[in-house]
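Each remark here refers to the structure printed beneath this line.
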Amino acid sequence: MSKIQAIRGMNDLLPDQSPVWQYFERQVRALMGRYGYLEIRTPILEQTALFKRSIGEVTDIVEKEMYTFEDRNGDSLTLRPEGTAAVVRAAMENGLLHNQTQRLWYTGPMFRHERPQKGRYRQFHQVGVETFGMDGPDIDVETILLSARLWQQLGLMEHVTLELNSLGSNEARAAYREKLVAYFEQYADTLDEDAKRRLHSNPLRILDSKNPDMADVIAAAPQLLDHLDNESREHFDKLKALLDAAGIDYVVNPRLVRGLDYYNRTVFEWTTTALGSQGTVCAGGRYDGLVEQLGGKPTTAVGFAMGVERLVLLLETLELVPADVNHTLDAYIMAFGDAAEREALLLGEQLRSALPQLRLQVHCGGGSFKSQVKKADKSGATLALILGEDELTRGSVGLKYLRETRDQEELDRSALIEHLTSHLSRIA
RNA sequence: GUGGGUGUAGCUCAGUGGUAGAGCCCCGGAUUGUGGCUCCGGUGGUCGUGGGUUCGAUCCCCAUCAUCCACCCCA
């Protein structure tokens with residue numbers, strides 16, 4: 001019989017990894033609270049049409065990366081490949097966008113059928129922020145400041161770079177697009193296969209090409225930033241001025257284009273050179289047309305998403321994970337013999353009731369005294385509580401200090417809680 | 001989707017055309033109820049899977065799956 005294994009590109013988060021993730025998630029949660037952003041949770045499955053309409057029919061994500069299938073009713077469903085579309089759908093559907101502004105955040109798994117590699121998986125996790133109803137550059141800057149504060153908290157600030165661009169209005173971009181296509185058509189013979197394919201589907205992406213043979217043609221191509229409409233130009237200038245005032249360094253990258261169709265005006269990416277080819281760690285921008293495109297009233301919006309796997313990987317690569325994220329134990333109860341094992345379980349419950357902050361594990365499964373001491377040591381506990389036949393008859397508990405040179409003690413059970421309380425405050 | 005690398009013990013990896021080893025981990029002992037260090041012993045493998053070549057394949061060939069890296073794309 002063949003082994004059943006996990007789906008390709010979908011990973012188990014194992015116990016030795018979960019403390020880092022929890023550390024990251026704690027930081028994110030606290031951060032969102034400090035900026036007054038509220039969490040929203042949406043289903044992992046949506047109607048396929050939602051993503052086709054929002055992300056764009058001719059994007060790679062929709063064309064070849066979605067997990068789409070029919071349910072038992074014959075409806076076409078899709079595992080969400082990103083978070084924004086679902087948040088917009090949920091916000092519209094529940095009236096969150098009616099004459100009000102929103103600052104929302106979310107986290108959860110996303111699904112894209114790509115070839116897995118470092119920092120890229122078929123099930124991956126994002127933390128994202130979406131804001132609605134605010135059209136000035138101030139909210140663009142706020143989301144950037146929020147992400148920057150996260151990097152600061154995590155110690156990543158000096159390892160990431162903010163890249164910035166403006167896509168202008170849809171009209172200005174359409175005009176520019178025509179100009180660009182016309183330009184590239186002049187050099188059709190120098191375009192590679194990818195570029196030819198994109199020439200009419202997504203010509204802006206050609207600017208992103210790493211093909212050195214096209215470098216000259218691309219460098220001389222008309223620039224999007226030279227074709228912005230006046231309002232977008234002004235928006236972008238104010239945005240940069242605000243970032244300057246806030247002391248946030250950035251690089252204007254005129255070739256920065258998002259892979260999703262719904263963006264306009266501001267787009268940005270936080271990138272790192274420490275992760276190989278998956279250098280984008282957080283990306284987003286403004287998407288003023290999306291709500292309307294999905295059937296809502298015109299509502300401006302700006303948001304971003306970050307890749308949790310990539311950030312965790314970055315923290316580990318740069319050795320920025322605090323040593324104390326591994327949640328260990330304060331105490332470990334050893335028990336020797338049937339009667340003591342029974343007592344140990346009960347004592348454990350008693351102590352947890354009396355001392356909610358106590359992290360305590362009761363040994364289960366028997367074993368020699370020696371092996372239990374070994375387990376106590378490995379558990380990371382600072383204190384071993386010993387319940388053997390001797391202690392049982394005397395109504396006492398043995399105390400063995402595992403992390404300090406201090407003689408073993410025997411304590412009356414009635415004095416245990418008080419002793420543990422002082423032990424905890426001493427260790428902390 | 002394309003290209004390349006790698007699949008041998010729970011983990012990290014040696015190895016040979018005659019069906020396998022180390023270190024770590026785990027278990028036991030030296031130390032009748034006392035961990036970390038040391039020493040001794042032990043458990044554990046359909047050598048990814050399927051086919052082919054061969055007297056014989058873990059090793060050679062093909063396929064397949066998985067994994068890693070890069071392209072592409074993206075968070």
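Here is the naming used below: chain letters follow the sequence lines, and residue numbers restart at 1 for every chain.
With no hydrogens or angles considered, a side-chain donor-acceptor pair links Glu130(A) and Thr84(A) at under 3.5 Å. A donor and an acceptor atom, one from each side chain of Glu410(A) and Ser396(A), are located under 3.5 Å apart. For Glu25(A) and Thr107(A), the side-chain atoms include no donor-acceptor pair closer than 3.5 Å.
Residue Leu311(A) is classed as having no contact, given no heavy-atom separation below 4.0 Å to the nucleic acid. Note on Gly128(A): nothing from the nucleic acid sits closer than 4.0 angstrom, heavy atoms only. Residue Gly9(A) is classed as a sugar-phosphate contact, given heavy-atom separations below 4.0 Å to backbone atoms only. Among the atoms of the strands shown, only primed sugar atoms or phosphate atoms (P, OP1, OP2) are found under 4.0 Å from some heavy atom of Ala305(A). Using a 4.0 Å heavy-atom distance criterion, Glu391(A) is classed as a base contact.
For rU34(B), the base has a donor-acceptor partner in the side chain of Lys400(A) [N/O atoms by modelled type, under 3.5 angstrom]. Taking 3.5 Å as the limit, the base of rG1(B) and the side chain of Glu65(A) contain no donor-acceptor pair of atoms between them. Applying the 3.5 Å distance criterion, the base of rU34(B) shares a donor-acceptor pair with the side chain of Gln408(A). Between the base of rC68(B) and the side chain of Arg115(A) there is no donor-acceptor pair shorter than 3.5 Å.
Each of Pro116(A) and Arg403(A) was assigned the nucleotide of RNA chain B with the nearest heavy atom; the assignment lying further toward the 5' end belongs to Arg403(A). Between Asn11(A) and Arg205(A), the one whose closest nucleotide on RNA chain B sits nearer the 5' end is Asn11(A).
Taking the C1' atoms as reference points, rU46(B) lies 14 Å from rA57(B), given to the whole Å. A distance of about 38 Å separates the P atoms of rA63(B) and rG23(B), rounded to the whole Å. Taking atom C1' in both rC59(B) and rU2(B), one finds a spacing of 30 Å when rounded to whole Å. One C1' atom belongs to rC39(B), the other to rG44(B), and the distance between them is 22 Å to the nearest Å. Comparing the P positions of rC61(B) and rG4(B) gives an interatomic distance of 15 Å, to the nearest angstrom. Comparing rU12(B) with rU8(B), their P atoms are spaced 8 Å from each other, to the whole Å. One P atom belongs to rG42(B), the other to rU6(B), and the distance between them is 35 Å to the nearest Å. Rounded to whole Å, the C1' atom of rG45(B) lies 12 Å from the corresponding atom of rG10(B).
At the phosphate of rC26(B), OP1 or OP2 sits under 4.0 Å from a side-chain N or O atom of Lys378(A). A sub-4.0 Å separation between OP1 or OP2 of rC68(B) and a side-chain N or O of Gln117(A) is absent. Taking only side-chain nitrogens and oxygens, Lys374(A) never comes nearer than 4.0 Å to OP1 or OP2 of rU34(B). Phosphate contact (OP1/OP2 of rC71(B), side-chain N/O of Ser277(A), threshold under 4.0 Å): present.
Between Leu167(A) atom CG and Tyr176(A) atom OH the span is 10.0 Å, to the nearest 0.5 Å. The CZ atom of Phe111(A) sits 4.0 Å away from atom CD of Gln123(A), with the distance rounded to the nearest 0.5 Å.
Checking rU2(B) for Watson-Crick or G-U wobble geometry (two distances, each under 3.5 Å) identifies rA70(B) as its partner.
For the contact set between residues 41-51 of chain A and RNA chain B, defined by any heavy atom under 4.0 Å, there are no members.
Residues Glu63(A) and Val58(A) are in side-chain contact: their nearest non-hydrogen atoms beyond the backbone lie under 4.5 Å apart.
The aromatic rings of Tyr35(A) and Tyr37(A) sit perpendicular, their planes meeting at an angle over 60°, well past the 30° parallel limit.
The CD atom of Glu410(A) sits 14 Å away from the C1' atom of rU34(B) (whole-angstrom rounding).
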Expected list for residues 313-325 of chain A: side-chain donor-acceptor pairs under 3.5 angstrom, two or more places apart:
unit_1, atom_1, unit_2, atom_2, d
Glu316(A), OE2, Gln17(A), NE2, 3.0
Thr317(A), OG1, Leu313(A), O, 2.7

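In the set rC72(B), rC65(B), rC27(B), the nucleotide with an atom closest to the side chain of Lys375(A) is rC27(B).
With Tyr67(A) as reference, Arg122(A) is the one residue of Arg112(A), Arg122(A), Arg80(A) to meet the side-chain contact (heavy atoms from CB on, under 4.5 Å) rule.
For Phe124(A) and rA75(B), the ring-to-base geometry satisfies the stacking test (centroid distance below 5.5 Å, interplanar angle below 30°).
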